Amino acid sequence: QVQLVESGGGLVQPGGSLRLSCAASESISGINALGWYRQAPGKQRELVATITHNGTITYADSLEGRFTISRDNAKNTVYLQMNSLKPEDTAVYYCNAKVVLVSTTVKKYEFWGQGTQVTVSS
């Protein structure tokens with residue numbers, strides 16, 4: 001399976017910035033999509049941003065242009081740059097990988113990192 005390790009979370013004040021990293025255990029060339037999700041206490045896990053292997057990027061509308069997802073294929077790493085952070089951004093942020101294997105049948109797999117805590121508070 002694909003192992004994902006997040007890092008870069010922490011405590012920041014409103015308006016501050018953080019850069020999250022997600023390192024994959026293997027080449028991301030075999031991963032169809034990488035993404036970031038977040039989950040606040042008592043709430044459902046929600047999409048933050050995704051990037052496909054061919055570079056297609058999607059963001060949650062609620063981000064208002066404050067976050068940027070990127071990847072470094074050579075380092076097997078996906079990043080999430082978070083600017084102008086707000087208290088409502090407080091959550092555990094999870095890295096996600098989606099793998100689709102096509103042979104005689106289609107098999108879909110998802111892998112998750114352990115999460116990294118982001119807390120935005122004054």
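In what follows, every heavy atom counts, from backbone to side chain, and hydrogens, waters and symmetry copies are set aside. Worth saying up front: this structure is predicted, and the values here are computed from it rather than measured.
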Query raised in the report: Same cluster or not: are L18 and V92 linked, directly or through other Ile, Leu, Val, Met, Phe, Trp or Tyr residues, by side-chain heavy atoms under 4.5 angstrom apart?
Result: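 Different clusters: L18 never reaches V92 through Ile, Leu, Val, Met, Phe, Trp or Tyr contacts under 4.5 Å.
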Query raised in the report: Taking a hydrophobic cluster as the set of Ile, Leu, Val, Met, Phe, Trp and Tyr residues connected by side-chain heavy atoms closer than 4.5 Å, whether directly or through intermediates, do L101 and L34 fall within one such cluster?
Result: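 Same hydrophobic cluster.
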Query raised in the report: Which pairs pass ring pair (Phe, Tyr, Trp, His ring centres under 6.0 Å) with one or both residues in residues 78-118, sequence neighbours excluded?
Result: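 Sorted pair list: Y37-W112.
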Query raised in the report: With side chains defined as the heavy atoms from C-beta onward, is the minimum distance between T105 and K107 less than 4.5 Å?
Result: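 When only atoms from C-beta onward are counted, K107 and T105 do touch, with a gap below 4.5 Å.
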Query raised in the report: So, do R71 and N76 sit near enough that their side-chain heavy atoms are less than 4.5 Å apart?
Result: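 Not in contact.
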Could you list the residues that satisfy side-chain contact (heavy atoms from CB on, under 4.5 Å) with [X], not counting sequence neighbours?
{"X": "E46", "result": "R38"}
{"X": "K108", "result": "V100, V106"}
{"X": "S122", "result": "P14"}

**Report entry** Q44 atom CD: more than 12 heavy-atom contacts under 6.0 Å
**Finding:** no
Atom pair [atom1]/[atom2] of [X] and [Y] - distance to nearest 0.5 Å:
{"X": "L85", "Y": "S121", "atom1": "CG", "atom2": "OG", "answer": "12.0 Å"}
{"X": "S27", "Y": "N73", "atom1": "OG", "atom2": "CG", "answer": "7.0 Å"}
{"X": "H53", "Y": "N32", "atom1": "NE2", "atom2": "CG", "answer": "8.5 Å"}
{"X": "I51", "Y": "L80", "atom1": "CD1", "atom2": "CG", "answer": "11.0 Å"}
{"X": "K98", "Y": "N96", "atom1": "NZ", "atom2": "CG", "answer": "6.0 Å"}

Query raised in the report: Got a donor-acceptor contact below 3.5 angstrom from the T68 side chain to the Q81 backbone?
Result: no
Requested in this report: Go through the structure and list residues passing ring pair (Phe, Tyr, Trp, His ring centres under 6.0 Å) with F67, not counting sequence neighbours.
Outcome: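 F67 satisfies ring pair (Phe, Tyr, Trp, His ring centres under 6.0 Å) with no residue once adjacent residues are dropped.
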**Report entry** Residue pairs passing the disulfide bond (SG atoms under 2.5 Å apart) test where at least one lies in residues 43-73, sequence neighbours excluded
**Finding:**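 Of all non-adjacent pairs touching residues 43-73, none passes disulfide bond (SG atoms under 2.5 Å apart).
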Query raised in the report: Which is it for I31 and V2 under the side-chain contact (heavy atoms from CB on, under 4.5 Å) test, yes or no, and what are the steps along the way?
Result: CA-CA 9 Å; I31 300 175; V2 178; 4.0 Å; yes
Does [X] have any salt bridge (charged side-chain N to carboxylate O under 4.0 Å, His left out) partners at least two apart in sequence or in another chain, and if so, which?
{"X": "E26", "value": "none"}
{"X": "K75", "value": "none"}
{"X": "E64", "value": "K86"}
{"X": "R66", "value": "D89"}

Atom pairs and distances, donor-acceptor, side-chain atoms in residues 3-13, under 3.5 Å, two or more places apart:
from, atom 1, to, atom 2, distance (Å)
E6, OE1, Q114, N, 3.0
E6, OE1, Q114, NE2, 3.3
E6, OE1, G115, N, 2.9
E6, OE2, C95, N, 2.7
E6, OE2, G115, N, 3.2

Query - Shortest non-hydrogen contact from L63 toward V48 - result: CD1-O, 3.3 Å
Requested in this report: Might you work through the side-chain contact (heavy atoms from CB on, under 4.5 Å) test for L47 and W36, ending with a clear yes or no?
Outcome: CA-CA 7 Å; L47 169 72; W36 291 95; over 6 Å; no
Please report, to 0.1 Å, the donor-acceptor pairs under 3.5 Å made by any side chain of residues 54-61, with sequence neighbours excluded.
from, atom 1, to, atom 2, distance (Å)
N54, OD1, T52, OG1, 2.3
N54, OD1, T56, N, 3.3
N54, OD1, T56, OG1, 3.2
T58, OG1, T50, OG1, 2.4
Y59, OH, I69, N, 3.0

**Report entry** Verdict with reasoning, T77 to D72, per side chain to side chain donor-acceptor pair (under 3.5 Å)
**Finding:** CA-CA 5 Å; T77 300; D72 186 333; over 6 Å; no
